[in-house]
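Lettering of chains follows the sequences in order, A, B, ..., and the numbering in each one begins at 1. Both backbone and side-chain heavy atoms feed into the values below; hydrogens, waters and symmetry mates do not.
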2 protein chains.
Amino acid sequence: MAVGPCESTEGSPVKRASGRSHCPINFGLEAFGDPWSLLVVRDIVYFGKRTFAEFLASEEAIAPSVLAARLERMTTAGILRRSPDLADRRRVRYDLTERGLALIPVLVELAEWGATTDPATGAPADWIALVRADKAGMVARYTEAVREGRSVFVGDDSVAARVAAARAATG
Amino acid sequence: MAVGPCESTEGSPVKRASGRSHCPINFGLEAFGDPWSLLVVRDIVYFGKRTFAEFLASEEAIAPSVLAARLERMTTAGILRRSPDLADRRRVRYDLTERGLALIPVLVELAEWGATTDPATGAPADWIALVRADKAGMVARYTEAVREGRSVFVGDDSVAARVAAARAATG
DNA sequence: TCCGCTCACTACGATCATGAAAGTGATCTC
DNA sequence: GAGATCACTTTCATGATCGTAGTGAGCGGA
């Protein structure tokens, strides 16, 4: 019987098509384990960005060649879906697929680690507390929002805006 | 008021010592956002590895120079603690600090994403189900185990062994 | 229709990181 | 003392990244 998720495949009848192992952690790292990929996912989830130029404008200043490479890799990995904008045919939209939406729990844990660890974090303490108090609920809200084309922080119908409105109504 | 965790720091009195931004996600990615760092953490948490040679022997075949660089970076980041082995002075132990233990939730989510996404995953389905059913509980078990020098999968007193024993006793 | 602008990239050269293999010195075992 | 083991280091070819400057398609206003 399997002793763990990353046991060797030596001697296994299953041939490895590509990649270093069938460990699920390694699988994830091969798909988005670099310093840039998850920033694109973050931009979509938290800030509602969708286009090349918007990703490029992020504070962390990714180079266009690197951004193009990451978008292509994540599209190939089934995390992103590329679609032309019919209204403005210069534009291309990148949306998260269901597989991409499934990265939201990873993103939330990563954000919590960073916020807890970085003494100079830019994350607001009250929001961190909110997420910590009801992680599953917040992940569900995030996921629903992004699926509907909204975002966590940007826009009148963002998750943050709705939470603020609910608080105001309750008192 | 802060609109989100990654707002620009332009014009802020806070000077950025290093790094691309104060976004907590970016902070995490700068500390361990590469294809190798989390594999070392995985080796510690899931397999109870602690030494250079053990990390080097992993299926994914990291190069020694890269491993040395990652260990140093994670030690500097406060994720790992480096300590000489008093019994065998050739050996050096790498243990997770509390900050490193706090990465376990990230690792668990990453593993779940990989296991769900990879059709040829090496992760056993029953274990994935177990983690999904009680994520917070399993993270607590993992953390306690690693803190005590045990691991998730390897050893007589691993988390998996204890779960199996509890199951056998209950029925 | 022309002009300038925006869009999603691509091209390029310098610099940086990685991969593979071999080597080093300290230390342990026999 | 010989040989193995340990944690690295070195070297070098190859590949990735950074920063900047295009490029061509498409839009919007005059």
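Residue A:Leu67 contributes atom CG, which lies 14 Å from atom P of D:dG19 at whole-angstrom precision. Protein atom CD of B:Glu54 is 13 Å distant from nucleotide atom P of D:dC8, rounded to whole Å. To the nearest angstrom, P of D:dA7 lies 12 Å from CZ of B:Arg93. Straight-line distance from the CG atom of B:Asp34 to the C1' atom of D:dA16: 14 Å, rounded to whole Å. B:Asp85 has its CG atom 9 Å from the P atom of D:dA7, to the nearest Å. Rounded to whole Å, the distance from CD on A:Glu60 to P on D:dT17 is 16 Å. To the nearest angstrom, P of D:dC8 lies 11 Å from CG of B:Leu56. For A:Ile62 and C:dC9, the CD1 to P distance is 13 Å, given to the nearest whole Å.
In this structure, B:Ser58 contributes its side chain and B:Glu60 its backbone to no donor-acceptor pair below 3.5 Å.
Not one side-chain nitrogen or oxygen of A:Tyr94 sits closer than 4.0 Å to the OP1 or OP2 atom of C:dC7. For B:Arg70, a side-chain nitrogen or oxygen approaches OP1 or OP2 of C:dT18 to under 4.0 Å. At the phosphate of C:dG19, neither OP1 nor OP2 sits under 4.0 Å from any side-chain N or O atom of B:Ser65. Residue B:Arg90 places no side-chain N or O under 4.0 Å from the OP1 or OP2 atom of D:dT5.
Among the protein residues, B:Arg82 comes within range of the sugar-phosphate backbone only, with heavy atoms under 4.0 Å from sugar or phosphate atoms but none that close to a base. Contacts of A:Ala63 with the nucleic acid, taken as non-hydrogen atoms under 4.0 Å apart, include base atoms.
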### Task
Take B:Arg73 and B:Asp34 through the test salt bridge (Lys or Arg N to Asp or Glu O under 4.0 Å) and record every step on the way to the result.
CA-CA 11 Å; B:Arg73 198 176 65 181; B:Asp34 65 90; 2.6 Å; yes
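In this structure, B:Phe52 has its ring center no closer than 6.0 Å to that of B:Tyr94. Outside the 6.0 Å centre-distance limit, the rings of A:Phe55 and A:Trp36 are not counted as a close aromatic pair.
When each of D:dA7, D:dC8, C:dA8 is scored by its nearest atom to the side-chain atoms of B:Ala53, the top-ranked nucleotide is D:dA7. The side chain of A:Pro64 lies closest to D:dT20 when the candidates are D:dT20, C:dA8, D:dG26.
Toward the 5' end of DNA chain D, the nearer of the two residues A:Trp36 and A:Leu86, judged by each one's closest nucleotide, is A:Trp36.
Side chains of B:Thr75 and B:Glu72: a donor-acceptor N/O pair is absent below 3.5 angstrom, by distance only.
For a distance-only test at 3.5 Å, the side chain of B:Arg89 fails to qualify as a donor-acceptor partner of the base of C:dT27.
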